[in-house]
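Throughout, numbering of the chain's residues begins at 1 and tracks the sequence.
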Amino acid sequence: KLFTVIAVCSLFSLNTTAQSTVKKEPIPLQHGAHRTGKRMDADMAKWRGYGLGQFIHWGLYSILEGKYKGKYYNGAAEWIRSWKEVPNAEYDVLNKQFNPATFNATAWAKMAKQMGVKYLTFTTKHHDGFCLWPSKYTDYTIESSPYKKDIVKEVVDAYTKEGIDVYLYFSIMDWHHPDWRYDLKTKEDSIAFDRFKLFTKNQLTELLQRYPQTKGLWFDGTWDNSWKKSGAFTDSLEQYLKSLVPGLIIGSRLRADEKGNRHVDANGVLMGDYEQGWERKIPKTYADVHGNDWDCVMTIPENGWGYAEKWMGHWKTTNELIEMTAQCVSLGGNFVVNFGPKADGSFRKEEIANAKEIGEWMKINSDAIYNCEYAGWEKQDWGYYTKKRGEDKVYMIVFNVPLSGSLKIKPSANYVVEKATLLEGKQQLSTEKLDYGASFIQLPKGKTFVKPFVIVLDIKPVKQQEEAGPKAKT
Ligand SMILES: C[C@@H]1O/C(=N\OC(=O)Nc2ccccc2)[C@@H](O)[C@H](O)[C@@H]1O
């Protein structure tokens, strides 16, 4: 018996070692990824350099503020329609109340400009199906509200005028539309969902034609079986949308391949121009991003994107949001902070404060954020490295000042540091060489730092040391 066990195990181990050496044949896919590696055109290069963005969730859910008849919903406020306490029929007539009479898109855009964001993602239609633009494919739109005016146009125009690129959030899942299906089990399901797919294609065409400044589409609500079973349609839809607007940027949440895989296809290749799975989470290491472009979308409270009277759990401070921004950019991504305006279009005081304080920090330190990339240097405890794209400049974004006042750095072998300078005030800092290619950067004695700060390292590429011949056998 024992012999059998040993025999089976050794066979297994043989088999695995054999497998590890045999290259896996790619699975032939009609509707998998059509590109491997990053998009290298100018539109995507601009996206890659944004660093900091803003998300805005605004809609009928903002009226309920995460509560109903005095009870507080403990889920994400924009999902309150799905709460058993809220009769769908009562939620669905909230369009009759929506009337942000004092809404001022220009004020939003100026707040965003001051904050230093380079792109906005704005909810045109969330899961509840209510359209903030006057779509001609449904009557469940802003035109059916007392407000009547085209909010999407007001937002797109105001942000574009401030030089902030606009991306339109669109939920495929539409709880209000009679032809939406979670799964395709019957012939009737498929007939209805075919109508729904045409409705979706028509609305997206409408958005791109009405708002030609749109730089990209941010898809959501694509996790159900009905969409997973529509891989071919998602492929043709993406290609169709990109034929309407060449250069359009679409993340990995839209597509499914013909085997129902989302984000990455059956061969593990990203389907989309960037990875959209980093929602309220940040990659730990560069390896986690698998060489893809990516951004992280983040709520200021622990969860909840639409306005809620009571924010859930911990509310992120400005320093935490700045650190998350630095963390994302240091790993080659962008960081997108979500704001959930009240039904009247005003922001809560905490969000206004965060935007102002982040803006004050960006005013001094944005060189370390805009158009920066992963530096590839060994991470140190004091904070994060970013590298200016195409320039011999590395930035140290410092959050943790050691009691010694000496910040250790270990440049990658292909660079030496020529000079270290405090970004604010331009004071040059002394450095002390250590062994193993490391150095100490000495902070000025007696200076106390009360905010995250940046040190600029002027670096010079060095030829890799020629291998000194075959290593002596030790
Ligand atoms: C930005 C958020 O996006 C959502 N959902 O996100 C996800 O489904 N996230 C997700 C799902 C699977 C893997 C990773 C992220 C929405 O339901 C939510 O209301 C909000 O609009």
Practice problem: Sort out for me which residue in Phe233, Tyr182, Trp180 forms a ring pair (Phe, Tyr, Trp, His ring centres under 6.0 Å) with Phe196. | Solution: Trp180
Self-check item: Asp41 side-chain N/O to Met44 backbone N/O, donor-acceptor pair under 3.5 Å
Solution: yes
Exercise. State, yes or no, whether a side-chain contact exists between Val166 and Gln213 at a heavy-atom distance under 4.5 Å.
Key: no
Quiz item: Counting heavy atoms not belonging to Asn74, are there more than 12 under 6.0 Å from its CG?
Solution: no
Practice problem: Report the C-alpha separation of Asn414 and Ser412 in whole Å, then their side-chain angles, then the decisive distance to 0.1 Å, and conclude whether the side-chain hydrogen bond (donor to acceptor under 3.5 Å, both in side chains) test is met. | Solution: CA-CA 6 Å; Asn414 53 340; Ser412 51; 2.6 Å; yes
Quiz item: Sub-3.5 Å donor-acceptor pair from the side chain of Asp183 to the main-chain atoms of Asn225, do we have one?
Solution: no
Quiz item: With distance as the sole test, does Trp278 use its side chain to make a donor-acceptor pair with the main-chain N or O of Val289 at under 3.5 Å?
Solution: no
Self-check item: Pairwise side-chain contact, Asp392 with Pro461, heavy-atom cut-off 4.5 Å (strictly under)
Solution: yes
Quiz prompt | Lys242, NZ: over 12 other non-hydrogen atoms inside 6.0 angstrom | solution = yes
Quiz item: With a 6.0 Å cut-off on ring centres, are Phe399 and Tyr384 close enough?
Solution: yes
Self-check item: Gly231 backbone acceptor or donor facing Glu258 side chain under 3.5 Å
Solution: no
Exercise. Examine Trp79 together with His57 and report whether their ring centres are nearer than 6.0 Å.
Key: no
Practice problem: Could you check Leu331 against Trp294 for side chain to side chain contact (heavy atoms under 4.5 Å, CB included), going step by step and ending with a plain yes or no? | Solution: CA-CA 9 Å; Leu331 291 174; Trp294 61 280; 3.7 Å; yes
Quiz item: Taking NZ, NE, NH1 and NH2 as the nitrogens, is one of them in Arg210 or Asp150 under 4.0 Å from a carboxylate oxygen of the other?
Solution: yes
Quiz prompt | Residues Lys259, Asp257: salt bridge by 4.0 Å N-O rule | solution = no
Practice problem: Any chance you could lay out the side-chain hydrogen bond (donor to acceptor under 3.5 Å, both in side chains) test for Asn202 and Thr205, step after step, and finish with the verdict? | Solution: CA-CA 5 Å; Asn202 287 337; Thr205 303; 5.3 Å; no
Quiz prompt | Student check: side-chain heavy atoms of Thr121 and Val297 closer than 4.5 Å | solution = no
Practice problem: Show your reasoning for whether side chain to side chain contact (heavy atoms under 4.5 Å, CB included) applies to Trp377 and Ile459. | Solution: CA-CA 12 Å; Trp377 294 13; Ile459 59 177; 3.7 Å; yes
Quiz prompt | For the student: nearest non-hydrogen atoms of Thr138 and Cys131, plus distance | solution = CG2-SG, 3.9 Å
Quiz item: Any side-chain heavy-atom pair from Arg39 and Tyr274 closer than 4.5 angstrom?
Solution: no
Quiz prompt | Flag, side chain of Lys410 to backbone of Glu378, donor-acceptor distance under 3.5 Å | solution = no
Practice problem: Kindly compute the distance separating CG (Asp220) from NZ (Lys125), expressed to the nearest 0.5 Å. | Solution: 11.5 Å
Quiz prompt | Spacing of Gln54 atom CD and Met115 atom CE [to the nearest 0.5 Å] | solution = 6.0 Å
Self-check item: Test: Asp235 and Arg255 ion pair at under 4.0 Å
Solution: yes
Quiz item: Ignoring hydrogens and geometry, is there a side-chain-to-backbone donor-acceptor pair from Glu351 to Phe339 under 3.5 Å?
Solution: no
Practice problem: Give a yes or no on this: more than 12 heavy atoms of other residues, nucleotides or ligands lie within 6.0 Å of atom NZ of Lys229. | Solution: yes
Quiz prompt | Close side-chain approach of Lys393 and Asp367, heavy atoms under 4.5 Å | solution = no
Quiz item: Distance under 6.0 Å and angle within 45° of the ring axis: does Lys153 meet both against Tyr211?
Solution: no
Practice problem: Looking only at non-hydrogen atoms, find the nearest pair between Leu52 and Val337 and report the distance. | Solution: CD1-CG2, 4.3 Å
Quiz prompt | Atom CG of Asp139 with >12 non-hydrogen neighbours under 6.0 angstrom | solution = no
Quiz prompt | Closest heavy-atom pair and its distance - Lys113, Ile164 | solution = N-CD1, 3.7 Å
Quiz item: So, the side chain of Asn267 versus the backbone of Val269: is there a donor-acceptor pair under 3.5 Å, distance only?
Solution: no
Quiz prompt | side-chain hydrogen bond (donor to acceptor under 3.5 Å, both in side chains) assessment of His314 paired with Glu320 | solution = CA-CA 11 Å; His314 174 72; Glu320 282 175 286; 2.8 Å; yes
Self-check item: Sidechain N-carboxylate O distance under 4.0 Å for Asp92, Arg81
Solution: yes
Quiz item: Would you call Lys197-Asp194 a salt bridge at under 4.0 Å N-O?
Solution: yes
Exercise. Answer yes or no: is there a side-chain heavy-atom contact under 4.5 Å between Ile441 and Leu457?
Key: yes
Quiz item: Is Glu188 salt-bridged to Arg181, going by a charged N under 4.0 Å from an acidic O?
Solution: yes
Self-check item: Student check: side-chain heavy atoms of Leu270 and His290 closer than 4.5 Å
Solution: no
Practice problem: Compute whether any side-chain donor of one residue and acceptor of the other, for Asp295 and Tyr50, lie under 3.5 angstrom apart. | Solution: no
Self-check item: Row check, Tyr119 ring normal vs Lys215 NZ/CZ: under 6.0 Å, within 45°
Solution: no
Self-check item: Short side-chain to backbone donor-acceptor contact, Thr386 and Ala368, under 3.5 Å
Solution: yes
Exercise. Answer yes or no: does atom NZ of Lys363 have more than 12 heavy-atom neighbours from other residues, nucleotides or ligands under 6.0 Å?
Key: no
Practice problem: Mind running side chain to side chain contact (heavy atoms under 4.5 Å, CB included) on Ile358 and Thr325 for me, showing each step along the way? | Solution: CA-CA 10 Å; Ile358 290 170; Thr325 306; 5.8 Å; no
Quiz item: When you check the side-chain N and O atoms of Thr123 and Trp58, is any donor under 3.5 Å from an acceptor?
Solution: no
Practice problem: Using the salt bridge (Lys or Arg N to Asp or Glu O under 4.0 Å) rule, pick out the option among Asp273, Asp293, Asp265 that qualifies with Arg35. | Solution: Asp273
Quiz item: Does the Tyr91 side chain pair with the main chain of Tyr61, one donor and one acceptor, at a distance under 3.5 Å?
Solution: yes
Practice problem: Say whether, by atom type as modelled, one donor and one acceptor occur between the side chain of His177 and the main chain of Asp179 under 3.5 angstrom. | Solution: yes
Practice problem: Please test Ser330 against Gln327 for side-chain hydrogen bond (donor to acceptor under 3.5 Å, both in side chains), starting from the C-alpha separation and ending with a verdict. | Solution: CA-CA 5 Å; Ser330 78; Gln327 202 175 348; over 6 Å; no
Quiz item: With Arg253, which of Glu275, Gln276, Met271 fulfils side chain to side chain contact (heavy atoms under 4.5 Å, CB included)?
Solution: Gln276
Quiz item: Is there side-chain contact between Phe55 and Thr299, with at least one heavy-atom pair below 4.5 Å?
Solution: no
Quiz prompt | Within 6.0 Å of CD in Gln30, more than 12 heavy atoms from elsewhere | solution = no
Quiz item: Do Phe347 and Trp108 have ring centres separated by under 6.0 Å?
Solution: yes
Exercise. Begin with the C-alpha distance, continue with both residues' side-chain angles, and end with the deciding distance and a verdict on side chain to side chain contact (heavy atoms under 4.5 Å, CB included) for Cys328 and Ile282.
Key: CA-CA 7 Å; Cys328 288; Ile282 296 175; 3.9 Å; yes
Exercise. Determine the sole option in Arg389, Lys388, Arg48, Lys38 for which the salt bridge (Lys or Arg N to Asp or Glu O under 4.0 Å) test with Glu373 is passed.
Key: Arg389
